[in-house]
Every structure is written in C-alpha cells, then in structure tokens.
Amino acid sequence: MYLLSLITPRTLKGFRDHLPETMLQRERLIDTARGVYRAYGFSPIDTPALEYEEILLGKGSEETDKQVYRFEDHGGRRVGLRFDLTVPLARFAAQHIGDLGTPLKRYQIANVWRGENTQKGRYREFVQCDFDTIGTQSIVADIETALVIHDLLLALGCENFKLHINNRKILTGLIASLEAEEQITSILRILDKLSKVGRDKVEEELLSRQKLTRDQVSTLFQLTEIKGANEKILEEAKTLPSRNSEFETGLAELSELISGLTAAGVPEHRVHLDLSIARGLDYYTGSIFETFLDAMPEIGSVCSGGRYDHLAETYTKKKLPGVGASLGLDRLLAAMQELGSTSGGSTPAEVFIVYFAAEHREEYLKISSQLRRAGLRVELYPEPKKIGQQLKYANRRGHKIAVIAGGDELTQGTCQIKNLDSGAATQVVLDKGCETVIEAIKKDLAM
RNA sequence: GUGGCUGUAGCUCAGUUGGUUAGAGCACCGGAUUGUGGUUCCGGAAGUCGGGGGUUCGAGUCCCCUCAGUCACCCCA
C-alpha cells in the first residue's frame with residue numbers, strides 16, 4: 001500500500017516518551033521507593049486510572065477540579081482520569097476497609113493526570129509514589145510518614161534536602177481565634193506566598209483583599225515570623241496571646257512529631273519547621289510535609305503529604321483518618337538530571353558477549369545462559385559483526401564486561417574477559433559449567 | 001487557563017537589509033586496522049528550516065494561525 005501522506009509522529013503537550021536510559025533511572029527510583037515502603041510495612045495496591053467523576057471532584061479544591069481530565073465514556077457515564085492517588089485511596093478504603101481492617105498501610109506507584117500548563121518537572125502525565133496509613137489518628141503514623149520521606153530521599157542518593165513540616169491546626173486555629181474562619185482557605189494561600197513575594201505584599205493582600213484588621217494581620221505575622229531552631233520556634237509559638245484549643249493541639253502534635261523524628265535519629269538540619277506553610281490540598285487537616293532539594297528549591301516539593309482526617313467521609317460513615325505522602329518521581333528525576341546526579345548507561349546488562357562467527361553460535365548461547373543462571377545479566381550480540389564494532393556498541397551502551405571467545409580461544413578451551421572500563425583483559429579457562437568464567441567476572445565486577 | 005521567550009540534521013547551535021544548491025561541532029555509519037571499544041586520520045549518510053496559510057519575482061528570514069518546549073502568574077509532584 002502506498003502512503004499518500006505520513007502522519008507526523010508526536011506526543012501531546014505534557015505527555016512524554018521515555019527512552020531506555022531514562023527508563024532505567026525511573027525504574028531504579030521505583031525499586032528504591034518500593035524497598036523503603038516495604039521496610040515500614042506498607043503493602044502494594046492498585047486502583048483504576050478512570051473513576052466516576054463524582055468520586056474525583058470536590059475533594060481537593062476548585063482549582064484542582066478544573067485540572068481533572070473529564071469526559072463521557074462509551075456508555076454515557078461521566079468519568080475522569082485520577083488527579084492523584086489519595087482520592088482514589090479514600091474511595092478504595094471506604095469500599096474495602098471492612099475486609100482489610102485498620103490500620104491499613106498501603107503504597108501505590110502509578111500514573112496520574114493533570115490538565116494544567118507545563119513547566120520543567122511539571123507534566124500532564126506523571127508518576128506518583130504514594131504511601132499512606134489509614135484508620136489511625138496516632139501521631140506515630142505521622143512520625144513514620146516523615147521518617148519514610150527521610151529514608152526515601154537518602155536511599156535515592158539525595159543527601160542535601162530539607163523536610164518542611166507544619167501542622168494545619170496551628171494556622172487554622174489561630175485564624176479561627178481571630179474570627180476569620182470563613183476566609184481560611186484564602187488566607188492560608190496568601191500566607192503561603194510569604195517566602196516568595198515577601199512580607200509587604202502579603203500584608204497588603206491580607207488587608208485589602210481579605211479585609212483583615214491591622215491587629216489580625218499583626219497576630220498572624222507574629223506567628224509566621226518566629227525564627228530559629230525548631231525547639232525555639234515551638235517555645236515562642238506557645239507564648240502567642242491569641243489562641244484556642246485547635247491551635248494548642250496543633251502545636252502539641254507538631255512538638256511530638258519533632259521529638260519523634262529526633263528520637264528516630266533524623267538530624268535536625270534536615271528538618272525545617274515552617275509555621276507559614278499551609279499548602280497541599282484542601283483536604284489536609286493536621287501535619288503537613290514538603291521536601292525541597294537544597295540544590296534546586298525552585299523545582300518545588302519532590303515529596304509532599306500530610307494528615308487528612310475527613311477525606312473518606314464523602315464515601316462512608318466510618319471514621320477513616322489517614323496520613324501519607326507522595327513522591328513525585330518525574331519531578332525528582334527532572335531535578336536529578338538537571339543536577340547531573342544520574343548515572344549513565346542504557347543497558348541493564350553488565351556482561352556483553354561478542355559474537356564471532358555463526359559456526360560458534362551454540363557456544364555463545366550456552367555461555368550466555370550459564371552466566372545468566374549464575375545471576376548475571378547478559379546480552380549476546382545477535383550477529384557476527386566486526387569485533388571492533390561490537391566492542392564500540394558495548395562500550396556505548398554501558399556494559400561492564402565483554403566476553404570474547406573466537407576460534408582461537410575456543411580451540412584452546414579458553415575465553416577472554418575484558419573489563420570495558422579499564423581495558424584490561426584476562427584469559428580464563430572455559431570449563432563445562434563456566435564456573436571459572438563466572439568467578440572471574442564476579443570478581444571483576446566487585447571492584 | 002493568561003502573558004513573555006524559543007523552535008534550523010539524533011544533540012548543541014551558525015545562517016548578513018528577504019536573493020543561487022541551508023552550514024559547523026558532537027553523535028551516527030563505513031574505511032584506514034579482514035580478532036579488540038572509549039585516541040587519530042579519511043570518507044559517507046542524515047534537514048517536511050515544528051506544521052498550515054499569507055505577503056513577494058523570490059521566505060529559514062516578514063505577517064497571521066496552530067503545535068510543542070520554556071519562563072512568570074496560578075496551582076502543584
């Protein structure tokens with residue numbers, strides 16, 4: 001058939017292909033995340049990409065509702081692609097908690113979709129690595145959430161990051177005591193910009209847009225402007241004149257959270273108490289977590305979460321409080337690539353077998369499979385190209401060891417093991433089970 | 001979603017006031033070296049100038065629309 005006009009191959013805005021080199025890095029991050037989650041006893045679950053619209057909407061905020069991909073399916077149902085993994089989890093918990101029991105600790109690594117404008121590290125389709133604890137209000141769950149974030153970043157090779165922590169009850173309590181409850185969401189949003197636009201602009205907005213009095217604003221600033229070591233911040237916050245029980249509960253929880261982290265060995269320099277942050281989605285009710293890389297704060301938080309005690313209430317009358325966080329895999333990877341802290345190579349196989357001549361095909365197949373049985377990852381070149389070209393290919397793809405067995409070696413019953421980084425080659429006896437070869441390769445790889 | 005900037009070979013970019021056949025470096029393929037890569041030399045292939053329309057004798061260059069990237073706002077992983 002003749003192609004009259006070719007269709008331009010392209011992807012949608014904010015949607016991307018992933019090439020082998022990137023994909024190996026993505027999978028390495030996923031494996032690491034999985035390992036840390038399991039170390040804390042979280043189990044995997046999965047939920048559908050598509051949910052009923054009514055499940056998804058009205059849980060985050062008006063803004064986030066606008067970003068949900070929505071359409072009518074073939075049966076005329078109003079459906080949407082999941083915007084995050086937390087709302088589907090709330091639905092999941094409401095539906096299955098009877099079978100599973102509480103506390104439910106689960107993790108989920110999956111794609112989510114947001115129809116917003118793109119930017120570096122912000123895509124319309126991206127992977128989130130969530131972990132949550134459902135069905136307990138214990139502060140231990142909050143502490144462990146922060147611990148997982150901490151361990152996770154370390155395991156991913158990020159040494160320099162800061163875990164920003166706050167508790168929503170402090171701000172909402174304070175605002176309530178100022179009799180401005182109705183504007184809580186807007187006030188939180190304005191305050192959140194403090195570090196970005198500065199005190200003056202925030203003050204102006206609070207006065208003019210929110211119609212707060214100067215006294216109200218100055219009380220808010222008294223709280224957000226407390227600086228110093230974590231202990232000191234907590235001490236000073238307690239002395240604020242205007243407070244109520246919610247405010248005090250928030251402070252107490254925050255204080256317990258901090259001392260729990262210290263007890264678990266998290267160094268203070270990675271924990272940053274910030275009484276002005278209130279972000280995250282509207283459903284957060286207690287602890288709030290955000291994680292910033294020291295070298296790239298502008299890319300935003302790479303792992304965020306918090307406590308949400310009422311999320312499942314729209315689906316069930318059971319009380320299902322939860323706490324958890326979400327690692328933004330694609331955002332973190334974008335940051336790591338920008339910082340050059342990713343390792344290269346586009347092959348997962350450390351061993352490369354040179355294919356000399358068709359008459360030795362079965363020898364190569366045999367060697368390959370014996371090495372694989374010994375736990376090595378092995379790629380056999382598929383055609384008898386010139387050895388120089390094969391080595392060039394192996395070098396470029398990032399193989400560590402080349403096994404060279406041409407006619408000469410095979411008649412002698414040996415083969416050559418070449419380290420592609422150093423260029424050093426050694427002759428090794430090619431015995432029946434390849435034991436000597438395997439041993440030599442493993443020794444070489446270990447250094 | 002609104003606004004700014006950008007789009008030329010796989011990648012990074014040149015391309016004059018609009019003027020013949022659009023260039024370079026790196027990467028790729030082949031050879032020098034018919035059994036040894038990452039150095040060198042020689043050669044080769046590769047471009048709908050993001051796409052569409054318009055102005056013009058003539059458009060990579062000017063205008064409009066569109067798609068994508070990027071930045072800011074907003075929001076967030």
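Letters go in sequence order (proteins before strands), and every chain restarts at 1.
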Participant: Evaluate the criterion salt bridge (charged side-chain N to carboxylate O under 4.0 Å, His left out) for residue pair Arg114(A) and Asp84(A); output intermediate values, then yes/no.
Facilitator: CA-CA 8 Å; Arg114(A) 297 184 185 179; Asp84(A) 65 10; 5.1 Å; no
Participant: Look at the side chain of Lys386(A) and decide which nucleotide, out of rU36(B), rA32(B), rG37(B), has an atom nearest to it.
Facilitator: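 Closest of the options to the side chain of Lys386(A): rA32(B).
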Participant: Do Leu154(A) and Arg270(A) come close enough that some side-chain heavy atom pair is under 4.5 Å?
Facilitator: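 In contact.
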Participant: Just the rounded figure in Å: distance from C1' of rC76(B) to CZ of Phe126(A).
Facilitator: 7 Å
Participant: Roughly how many Å is it from NZ in Lys66(A) to C1' in rC76(B), rounded to a whole number?
Facilitator: 14 Å
Participant: So Asp330(A), base contact, sugar-phosphate only, or nothing? Heavy-atom distance under 4.0 Å.
Facilitator: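 Result for Asp330(A) = nothing.
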Participant: Under a 4.5 Å cut-off applied to non-hydrogen side-chain atoms, are Leu85(A) and Leu89(A) in contact?
Facilitator: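 They are not in side-chain contact.
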Participant: How about Leu320(A) and Tyr315(A): do any of their side-chain heavy atoms sit closer than 4.5 Å?
Facilitator: no
Participant: Students often get this wrong, so: under 4.0 angstrom with heavy atoms, is Gly388(A) touching a base, only sugar-phosphate, or nothing?
Facilitator: sugar-phosphate
Participant: Can you measure Leu89(A) atom CG to rA77(B) atom P for me and round it to whole angstrom units?
Facilitator: 15 Å
Participant: Answer yes or no: is there a side-chain heavy-atom contact under 4.5 Å between Val79(A) and Phe71(A)?
Facilitator: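 Heavy-atom side-chain distance check passes, below 4.5 Å.
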Participant: Which whole number of Å gives the distance between the C1' atom of rG58(B) and that of rG18(B)?
Facilitator: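 Rounded to whole Å, the distance is 8 Å.
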Participant: When the P atoms of rC49(B) and rG10(B) are considered, how many whole Å apart are they?
Facilitator: 13 Å
Participant: For atom C1', what is the distance between rA45(B) and rC26(B), given to the nearest Å?
Facilitator: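 That atom pair is separated by 16 Å.
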Participant: Give the rounded distance in Å between these two atoms: NE2 of His164(A) and P of rA77(B).
Facilitator: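 Checked: the NE2 to P distance equals 15 Å.
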Participant: Using both distances under 3.5 Å as the test, list the Watson-Crick or G-U wobble partner of rA68(B), or none.
Facilitator: rU6(B)
Participant: For nucleotides 27-29 of chain B, tabulate all protein N/O to nucleotide N/O atom pairs closer than 3.5 Å, reporting atom names and distance.
Facilitator:
from: rC28(B); atom 1: OP1; to: Arg396(A); atom 2: NH1; distance (Å): 3.3

Participant: If we only count heavy atoms from C-beta on, is the Thr291(A) to Val302(A) side-chain gap below 4.5 Å?
Facilitator: yes
Participant: Extract from the structure each pairing of a protein N or O with an N or O of nucleotides 66-70 of chain B at less than 3.5 Å, listing the distance.
Facilitator:
from: rC67(B); atom 1: O2'; to: Arg10(A); atom 2: NH1; distance (Å): 3.4
from: rA68(B); atom 1: OP1; to: Lys13(A); atom 2: N; distance (Å): 3.1
from: rG69(B); atom 1: OP1; to: Gly14(A); atom 2: N; distance (Å): 2.9

Participant: What about Glu290(A): does its side chain form a donor-acceptor pair under 3.5 Å with the base of rA77(B)?
Facilitator: no
Participant: Atom CZ of Arg82(A) and atom P of rA77(B): how far apart are they, to the nearest Å?
Facilitator: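 The answer, rounded to whole Å, is 16 Å.
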Participant: Work out how far the P atom of rU61(B) is from that of rG53(B), and round it to whole angstrom.
Facilitator: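 Taking atom P in both rU61(B) and rG53(B), they lie 14 Å apart.
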Participant: For Asp130(A) and rC76(B), what is the distance between atoms CG and C1' respectively, to the nearest whole Å?
Facilitator: 14 Å
Participant: Write down the distance separating the C1' atoms in rG1(B) and rC11(B), rounded off to the nearest Å.
Facilitator: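 Pairwise C1' distance, rG1(B) against rC11(B), rounds to 33 Å.
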Participant: If you take atom types as modelled and just measure distance, does the side chain of Gln390(A) reach the base of rU36(B) with a donor-acceptor pair under 3.5 Å?
Facilitator: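 Flag unset: no donor-acceptor pair detected.
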Participant: What integer distance in Å separates Tyr283(A):OH from rC76(B):C1'?
Facilitator: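 Going from OH in Tyr283(A) over to C1' in rC76(B) covers 11 Å.
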Participant: Given that both distances must come in under 3.5 Å, which nucleotide forms a Watson-Crick or G-U wobble pair with rC62(B)?
Facilitator: rG54(B)
Participant: Do the side chains of Glu439(A) and Lys442(A) get close enough for a salt bridge, i.e. N-O under 4.0 angstrom?
Facilitator: no
Participant: Within the structure shown, what part of the strands sits under 4.0 Å from Glu409(A) by heavy-atom distance: base, sugar-phosphate, or nothing?
Facilitator: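 Base: the residue Glu409(A), judged by heavy atoms under 4.0 Å, touches a nucleobase.
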Participant: Measuring only the P atom in each nucleotide, how far is rU21(B) from rG4(B)? A whole number of Å is fine.
Facilitator: 36 Å
Participant: Between Gly115(A) and Ser326(A), name the one whose nearest nucleotide on RNA chain B is closer to the 5' end.
Facilitator: Gly115(A)
Participant: Any side-chain donor paired with an acceptor under 3.5 Å for Asp132(A) and Tyr308(A)?
Facilitator: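 Judged by distance alone, the side chains do pair up.
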Participant: Just call it for Ile404(A): base, sugar-phosphate, or nothing, with non-hydrogen atoms closer than 4.0 Å on any strand.
Facilitator: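 Result for Ile404(A) = base.
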Participant: May I ask you to verify whether the side chain of Arg331(A) and the base of rC76(B) hold a donor-acceptor pair under 3.5 Å?
Facilitator: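 Checked by distance alone, the answer is yes.
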Participant: Only pairs with both distances under 3.5 Å count, Watson-Crick or wobble alike; so what is the partner of rU12(B) in this structure?
Facilitator: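 Base partner found: rA24(B).
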Participant: Is rA32(B) paired to anything, Watson-Crick or G-U wobble with both distances less than 3.5 Å, and if yes, which nucleotide?
Facilitator: rU40(B)
Participant: For Asp421(A), which contact category applies under a 4.0 Å heavy-atom criterion: base, sugar-phosphate, or nothing?
Facilitator: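 Base, at least one base atom sits under 4.0 Å.
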Participant: Sugar-phosphate means primed atoms, P, OP1 and OP2; the rest is base. With that split, encode nucleotides 5-13 of chain B 5' to 3' as B, S or - using protein heavy atoms under 4.0 Å.
Facilitator: ---------
Participant: Measuring only between side-chain heavy atoms, which start at C-beta, is Asp421(A) closer than 4.5 Å to Lys400(A)?
Facilitator: yes
Participant: Check whether the side chains of Thr133(A) and Glu144(A) place a donor and an acceptor atom closer than 3.5 Å, and report yes or no.
Facilitator: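 The answer is no; no qualifying pair exists.
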Participant: Quick test of the criterion, 5.5 Å between centres and less than 30° between planes. Is Tyr393(A) stacked on rG37(B) or not?
Facilitator: no
Participant: Are any of the side-chain nitrogens in Arg307(A) or Glu253(A) under 4.0 Å away from the carboxylate oxygens of its partner?
Facilitator: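 Answer for the salt bridge query: no.
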Participant: Ignoring backbone atoms, establish whether Arg114(A) has a side-chain N or O less than 4.0 Å from OP1 or OP2 of rC76(B).
Facilitator: no
Participant: C1' atom, rA22(B) versus rA68(B): distance in rounded Å?
Facilitator: 23 Å
Participant: Please report the shortest heavy-atom distance between Glu51(A) and Ile55(A), naming the atom on each side.
Facilitator: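 Glu51(A) and Ile55(A) have their closest heavy atoms at OE1-CG2, 4.0 Å.
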Participant: Could you check if a side-chain atom of Leu223(A) sits within less than 4.5 angstrom of a side-chain atom of Leu171(A), using non-hydrogen atoms only?
Facilitator: yes
Participant: What's the shortest heavy-atom distance between Phe289(A) and Asp142(A), and which atoms?
Facilitator: CZ-O, 3.5 Å
Participant: Do the side chains of Asp408(A) and Phe356(A) get nearer than 4.5 Å, heavy atoms only?
Facilitator: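 No, their side chains stay 4.5 Å or more apart.
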Participant: Given rC75(B), rA77(B), rG37(B), which nucleotide is nearest the side-chain atoms of Gln67(A)?
Facilitator: rC75(B)
Participant: Is there a Watson-Crick or G-U wobble partner for rG47(B) with both distances under 3.5 Å, and if so, which one is it?
Facilitator: none
Participant: For Asn395(A) and rG37(B), what is the distance between atoms CG and P respectively, to the nearest whole Å?
Facilitator: 10 Å
Participant: Considering only atom P, compute the distance from rC5(B) to rG52(B) and round it to an integer number of Å.
Facilitator: 24 Å
